[in-house]
Amino acid sequence: MDFCSTLLIGIAIYLLVHFVRFIFADADFPLMWATWSGCKPETKLKGLVVWVTGASSGIGEELAYQLAGCGSRLILSARRVDELDRVKRHCLECSSLQDKDILVLPLDLLEKTSHEAKTKTAVQHFGSIDILINNGGRSQRSLCLETSVDVYQALMELNFLGTVSLTKQVLPHMTQRGSGSVVTISSLSGLAGTPLATGYSASKHALQGFFNSLRTELTDYPNILISTVCPGPVKSQIVKNAFAEELGKVSPTAEDQNHKMATSRCVRLILVGIANGVKEMWIAQQPFLLFYYLWQYAPTWAWFITDVLGKKRIQNFKAGLDADCAYFTKPKPKTS
């Protein structure tokens, strides 16, 4: 067998192995590679001070638990103090952390004038902030033609400007030290259009643009990581508190989350990405992960699929069915 034939066979085997891996993957190739051969969060994150916003439920709550297990010192922020206290108690129960290692710091992202003082409190308590995880925010479930502009403004104020405001308070502290990580939880909606979430998608696109631009501005600080996380469907309570078409109105809750990724798996992948300096993470089960790649490399096909599946999702939403299950599972009626 000549060299060319051997080379072609080798390439074919290599591609086949990666194709099989992709079928069973739940994250993009760089992130999956980090899970196989990269640094472990338990080693890289131990002892670091991590500030988690939106820590009272969902991904933020699970981040707190897994970070506690890694030995990270924690700043837990959200609006609901009682829920933050509950999360803190569980962190202490499931780790070797002491009471002084976890600071409950109530925070409202909309109250931007308070962010400077909150940051000073965090720095005074621990002496530093090694990692900021921007996780706070709200989703949306409503049709554009029925949605008030006030809802769009609220989404941008909370998801985008609130996150930017807090980041701008923490970042000077990191640049002064010359190191740190700013990790922002975006979404699949930050890369692709999502029907019934025009405002939410716009706020996440804005975050993508802001942090991609910021990353380039910080080239003089190579030890500061700017990372965005783009999860697909994940089991959480984000839909329970989603904006509807008017301010003060909450979208009906979707019931069936069986098709969504487990929150614990999503958070584990996020921590692996942080530990290995991954700048953008795509996290989703198939076929959602394939959808990421189509949007990136074959947008014409992505538009076609979005039109077909998006139409079905909107029809189910109008019929009062569970829109979150409309893509790849049989939807169930919502209960009142």
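Throughout, residue positions are numbered sequentially from 1 according to the sequence presented. From a predicted model like this one, the values you see are computed outputs, not experimental measurements.
- With rounding to the nearest 0.5 angstrom, the CZ atom of R73 is 6.5 Å from the CZ atom of F126.
- Residues L74 and C91 form a side-chain contact, since some pair of their non-hydrogen atoms from C-beta on lies under 4.5 Å apart.
- Atom CZ of R268 has more than 12 heavy atoms from other residues, nucleotides or ligands within 6.0 Å.
- A donor-acceptor pair is defined here as one N or O able to donate and one able to accept, closer than 3.5 Å; such a pair exists between the side chain of T35 and the backbone of M32.
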Margin query: The test is side chain to side chain contact (heavy atoms under 4.5 Å, CB included); show your working for H205 and S203 and say whether it passes.
Written below: CA-CA 5 Å; H205 272 72; S203 68; over 6 Å; no
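- Sparse packing is recorded around CD of Q153, with 12 or fewer heavy atoms of other residues, nucleotides or ligands lying under 6.0 Å away.
- Looking at L107 and H115, their side chains come closer than 4.5 Å, going by heavy atoms from C-beta outward.
- Taking 4.5 Å as the limit, some side-chain heavy atom of L218 sits within range of a side-chain heavy atom of L171.
- Using a 4.5 Å heavy-atom cutoff, the side chains of T228 and Q208 are in contact.
- In this structure, a donor-acceptor pair under 3.5 Å is present between the side chains of Q140 and S142.
- E246 has no carboxylate O lying under 4.0 Å from a charged side-chain N of K249, or vice versa, which leaves the two without a salt bridge.
- Not a single donor-acceptor pair under 3.5 Å links the side chain of K46 to the backbone N or O of S72.
- Between the side chains of S114 and D108, no donor-acceptor pair is found at a separation under 3.5 Å.
- Among all heavy-atom pairs drawn from N159 and T163, the shortest one is O-OG1, 2.9 Å.
- Note that OG of S95 and NE2 of H90 are 9.5 Å apart. Values are rounded to the nearest 0.5 Å.
- Of the N and O atoms on the side chains of R313 and N316, not one donor lies less than 3.5 Å from an acceptor on the other residue.
- K112 and L161 get closest at one heavy-atom pair: CD-O, 3.9 Å.
- Ring geometry for Y292 against W282 counts as parallel: the plane angle stays under 30°, on a 0 to 90° scale with 60° as the upper cut.
- Cluster annotation: V182 and I185 are assigned to distinct hydrophobic clusters (Ile/Leu/Val/Met/Phe/Trp/Tyr, side-chain heavy-atom contacts under 4.5 Å, transitive).
- Partner of T184 under the side-chain hydrogen bond (donor to acceptor under 3.5 Å, both in side chains) criterion, out of T167, N134, T53: N134 alone.
- S201 and S189 form no side-chain donor-acceptor contact under 3.5 Å, judged by distance and modelled atom types alone.
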The test is side chain to side chain contact (heavy atoms under 4.5 Å, CB included); show your working for M281 and I274 and say whether it passes. CA-CA 9 Å; M281 311 176 207; I274 296 173; 4.1 Å; yes
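- For Y293, the OH atom is densely surrounded, since the number of other residues' heavy atoms within 6.0 Å is greater than 12.
- Counting heavy atoms from C-beta on, the side chains of V123 and H173 come closer than 4.5 Å.
- With sequence neighbours left out, the side chain to side chain contact (heavy atoms under 4.5 Å, CB included) criterion links A122 to W51, I75, L105, I129.
- Checked by atom type and distance alone, the side chain of N212 never pairs as donor or acceptor with a backbone atom of G209 at under 3.5 Å.
- In this structure, OG in S186 is found 6.0 Å from CG in L207, a value given to the nearest 0.5 Å.
- Around NZ of K44, the count of heavy atoms belonging to other residues, nucleotides or ligands within 6.0 Å does not exceed 12.
- Looking only at distances, no side-chain donor or acceptor of D130 sits under 3.5 Å from a matching main-chain atom of L48.
- Judged purely by distance below 3.5 Å, without hydrogens or angles, the side chains of E62 and T263 never pair a donor atom with an acceptor atom.
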- Step by step, would you call T175 with R177 a side-chain hydrogen bond (donor to acceptor under 3.5 Å, both in side chains)? CA-CA 5 Å; T175 56; R177 297 172 59 226; over 6 Å; no
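- Residues L269 and A27 come closest through the heavy atom pair CD1-CB, 4.1 Å.
- Annotation for A78 and S56: closest pair CB-OG, 3.6 Å, computed over non-hydrogen atoms.
- Between the side chains of T198 and Y152, at least one donor N or O lies within less than 3.5 Å of an accepting N or O.
- Contact annotation: the side chain of L271 never approaches that of E42 to less than 4.5 Å [non-hydrogen atoms, C-beta and beyond].
- Between the side chain of Q286 and the backbone N or O of D26 there is no donor-acceptor pair closer than 3.5 Å.
- Under the 4.5 Å side-chain heavy-atom criterion for grouping Ile, Leu, Val, Met, Phe, Trp and Tyr, Y297 is connected to L289 within one hydrophobic cluster.
- The shortest distance between side-chain heavy atoms of M261 and P233 does not fall below 4.5 Å.
- Note: the hydrophobic cluster containing V164 also contains M174 (ILVMFWY, side chain heavy atoms under 4.5 Å, direct or indirect links).
- E61 and Y65 form a side-chain donor-acceptor contact under 3.5 Å, judged by distance and modelled atom types alone.
- The shortest heavy-atom contact between G60 and V52 is O-CG1, 3.9 Å.
- Under a hydrophobic clustering in which Ile, Leu, Val, Met, Phe, Trp and Tyr are joined whenever their side-chain heavy atoms come within less than 4.5 Å, directly or via other members, V170 and I133 fall into different clusters.
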Between L225 and K279, is a side chain to side chain contact (heavy atoms under 4.5 Å, CB included) present by the stated rule, with each step listed? CA-CA 7 Å; L225 170 68; K279 295 179 180 179; 4.3 Å; yes
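- Put simply, CG on L84 and OG on S77 are 7.0 Å apart, with the number rounded to the nearest 0.5 Å.
- In this structure, E116 pairs ionically with K120, as a charged nitrogen and a carboxylate oxygen lie closer than 4.0 Å.
- Using modelled atom types, one finds no donor on one side chain facing an acceptor on the other under 3.5 Å when comparing S213 with R215.
- Of all the heavy atoms in K318 and L143, the pair that sits closest is CE-CD1, 3.7 Å.
- Contact of the S187 side chain with the Y200 side chain is registered, since non-hydrogen atoms from C-beta on lie closer than 4.5 Å.
- Applying the ring pair (Phe, Tyr, Trp, His ring centres under 6.0 Å) rule to W303 yields the partners W295; only residues at least two apart in sequence or on another chain are considered.
- At least one donor-acceptor pair under 3.5 Å links the side chain of K118 to the backbone N or O of P106.
- Atoms CZ and CG, from R138 and N241 in turn, are 4.0 Å apart once rounded to the nearest 0.5 Å.
- Separation of atoms OG (S128) and CD (Q176) is listed at 12.0 Å; rounding is to 0.5 Å.
- Following chains of ILVMFWY side-chain contacts shorter than 4.5 Å, one can reach V229 starting from I59, so the two form part of one hydrophobic cluster.
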Worksheet entry | Verdict with reasoning, D28 to I283, per side chain to side chain contact (heavy atoms under 4.5 Å, CB included) | CA-CA 7 Å; D28 61 84; I283 300 174; 5.8 Å; no
